[in-house]
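As structure tokens, the structure follows; a few thoughts come after it.
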Amino acid sequence: MRIASFNINGVKARLPRLIEWLEETRPAVACLQEIKSQDESFPAAEFEKIGYRAIWHGQKGFNGVAILADGVEPVEAQRTLPGDPEDLHARYIEADVNGVRIACIYLPNGNPQPGPKFDYKLAWMDRLRARMAELWAQEIPCAVVGDFNVIPEDKDVWSPAAMASDALMQPESRAAYRRLLADGWTDAIDTLNPRGGVWTFWDYQAGAWPRDHGFRIDHLLLSPELADRMTAAGVDKEYRGREKASDHAPVWVEIGD
DNA sequence: ATGCCGGCCAGAGGCCGA
């Protein structure tokens, strides 16, 4: 089965591109971030027309996440990240699909740093680690995927110097991400591309796409049960160059039977 | 560069992102 993640940057504005990608690559599970849609205006019927069932957690204007599954209804397990009842951002949803637990996350950006938004990011990462420890303890096949808004290492960015003051690559952000890996989770794309140089995001501004000025912030973290079955992982880079594209490209991992 | 681009809501232009 193919598990994919795509920060879509507006599900309504991107719908033709999204339908195109689903039909062309046909992932078993597609996790979306930044749907920028309220729950009542999520275009579920458009996905059902091409055989995908969905669950989603939206809000007005920004954020928002969804899980699409090919031919089956995702069984919702959680629609918020535990640990802070005052956090109302739509950034987390979790479901079972064909016996695999899927968590779809949109981790806070954290800019500008330092400041309250950066503090929120780091607190969110602590809460995520706690939730992932709960999932780990269940010993189920599990994938935690999405826009982590963390550039894990210098090899994951076109220019470490240009991004040095950005929240995405601060030592605290990286340390929090590294703790997830130290807990035993497998970064699918990094494992199969250990030399780096793989990007998942290119800014709309300053000619970042034509200059290939990108970085890797969309990640697929696998429990041991899935990591052992991983056969391939990659980035659908070409979609970043199409008309009305998101600023992210889809990422995916292939899991064998 | 406190911007650049672009979506959202709203119905102009500010908020948000990375």
Side-chain angles (χ1 to χ4, degrees), chain A residues 5-19 21 31-43 46 56-66 87-92 104-122 124-125 128 145-174 176-177 189 196 198-219 235 237 239-251:
Chain A
S5 175
F6 193 178
N7 181 319
I8 197 67
N9 188 19
V11 70
K12 295 184 289 289
R14 219 66 68 196
L15 196 57
R17 283 289 90 80
L18 179 53
I19 295 289
W21 169 71
C31 294
L32 307 179
Q33 302 85 37
E34 284 207 84
I35 61 173
K36 296 187 175 180
S37 174
Q38 299 185 78
D39 282 338
E40 51 270 32
S41 46
F42 184 80
E46 299 301 313
W56 57 95
H57 181 187
Q59 71 177 96
K60 192 174 180 178
F62 63 112
N63 298 330
V65 287
D87 178 10
L88 299 178
H89 284 193
R91 297 181 176 276
Y92 191 90
C104 172
I105 76 161
Y106 177 46
L107 204 148
N109 172 294
N111 280 307
Q113 71 81 29
K117 291 189 175 182
F118 190 59
D119 297 340
Y120 171 57
K121 178 192 188 107
L122 296 180
W124 208 94
M125 294 188 81
L128 177 64
V145 311
D147 180 355
F148 282 68
N149 269 318
V150 175
I151 297 168
E153 297 182 48
D154 284 355
K155 68 182 181 181
D156 299 310
V157 56
W158 67 279
S159 167
M163 295 291 290
S165 63
D166 197 286
L168 276 55
M169 55 173 281
Q170 291 312 295
E172 298 94 329
S173 311
R174 287 181 163 179
Y177 187 76
I189 290 179
V198 177
W199 319 142
T200 69
F201 170 88
W202 297 258
D203 203 307
Y204 289 122
Q205 307 178 65
W209 168 248
R211 293 176 172 152
D212 201 28
H213 289 178
F215 37 85
R216 189 173 74 94
I217 53 175
D218 299 273
H219 305 310
V235 179
K237 179 174 180 178
Y239 288 82
R240 178 61 181 83
R242 296 194 185 186
E243 286 298 309
K244 294 280 287 179
S246 171
D247 42 5
H248 296 249
V251 297

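Computation of the quantities below employed the complete heavy-atom set of this structure, encompassing side-chain atoms and omitting hydrogens, waters and symmetry-equivalent molecules. Residue numbers begin at 1 in each chain, while the letters A, B, ... track the order of the sequences.
Here the separation of B/dA18 from B/dG7, taken at their P atoms, is 14 Å to the nearest Å. Taking the P atoms as reference points, B/dA10 lies 15 Å from B/dC16, given to the whole Å. Atom P of B/dA12 sits at a distance of 25 Å from the matching atom of B/dG17, rounded to the whole Å. Comparing B/dG3 with B/dG14, their P atoms are spaced 12 Å from each other, to the whole Å. Comparing B/dG13 with B/dC4, their P atoms are spaced 15 Å from each other, to the whole Å.
With a 4.5 Å cut-off on side-chain heavy atoms, A/K117 and A/N109 do not count as touching. Looking only at side-chain heavy atoms (C-beta outward), A/H248 and A/I217 come within less than 4.5 Å of each other.
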Quiz prompt | Step-by-step salt bridge (charged side-chain N to carboxylate O under 4.0 Å, His left out) determination, A/R240 to A/D212 | solution = CA-CA 11 Å; A/R240 178 61 181 83; A/D212 201 28; over 6 Å; no

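Exactly one of A/I8, A/D203, A/T200, A/N9 qualifies for a side chain to side chain contact (heavy atoms under 4.5 Å, CB included) with A/D247. That residue is A/N9. The only member of A/V11, A/L18, A/L15 that meets side chain to side chain contact (heavy atoms under 4.5 Å, CB included) when paired with A/E46 is A/L15.
Seen from the ring of A/Y239, A/R242 counts as a face-on cation partner, given the 6.0 Å and 45° thresholds.
A/N9 comes within contact range of the sugar-phosphate backbone alone, with a heavy-atom separation under 4.0 Å but no base atom that close. At a threshold of 4.0 angstrom between heavy atoms, the contacts of A/D218 with the nucleic acid are absent. At a threshold of 4.0 angstrom between heavy atoms, the contacts of A/K121 with the nucleic acid are absent. Residue contacts shown for A/D147 are limited to sugar-phosphate atoms, with no base heavy atom under 4.0 Å away. Within 4.0 Å of A/R216, counting heavy atoms only, lies no atom of the nucleic acid at all. Counting any heavy atom pair closer than 4.0 Å across all strands shown, A/F148 reaches no nucleic acid atom. The residue A/N149 sits close only to the backbone: its heavy atoms come under 4.0 Å of sugar-phosphate atoms, none of a base.
If A/Q59 and A/F62 are placed on DNA chain B by their nearest nucleotide, the residue sitting closer to the 5' end is A/Q59. Judged by closest nucleotide on DNA chain B, A/G10 is the one of A/G10 and A/I217 placed further toward the 5' end.
Contacts between residues 202-215 of chain A and DNA chain B, counted as heavy-atom distances below 4.0 Å, involve A/D203, A/Y204, A/Q205, A/A206, A/F215.
Between the side chain of A/W199 and the main chain of A/H213, no donor-acceptor pair closer than 3.5 Å is present. No donor-acceptor pair under 3.5 Å is formed between the side chain of A/R216 and the backbone N or O of A/I151.
Environment of CD in A/E40: crowded, with over 12 heavy atoms of neighbouring residues, nucleotides or ligands closer than 6.0 Å.
When DNA chain B is scanned in the 5' to 3' direction for atoms under 4.0 Å from non-hydrogen atoms of chain A, the outermost contacting nucleotides are B/dC4 to B/dA18.
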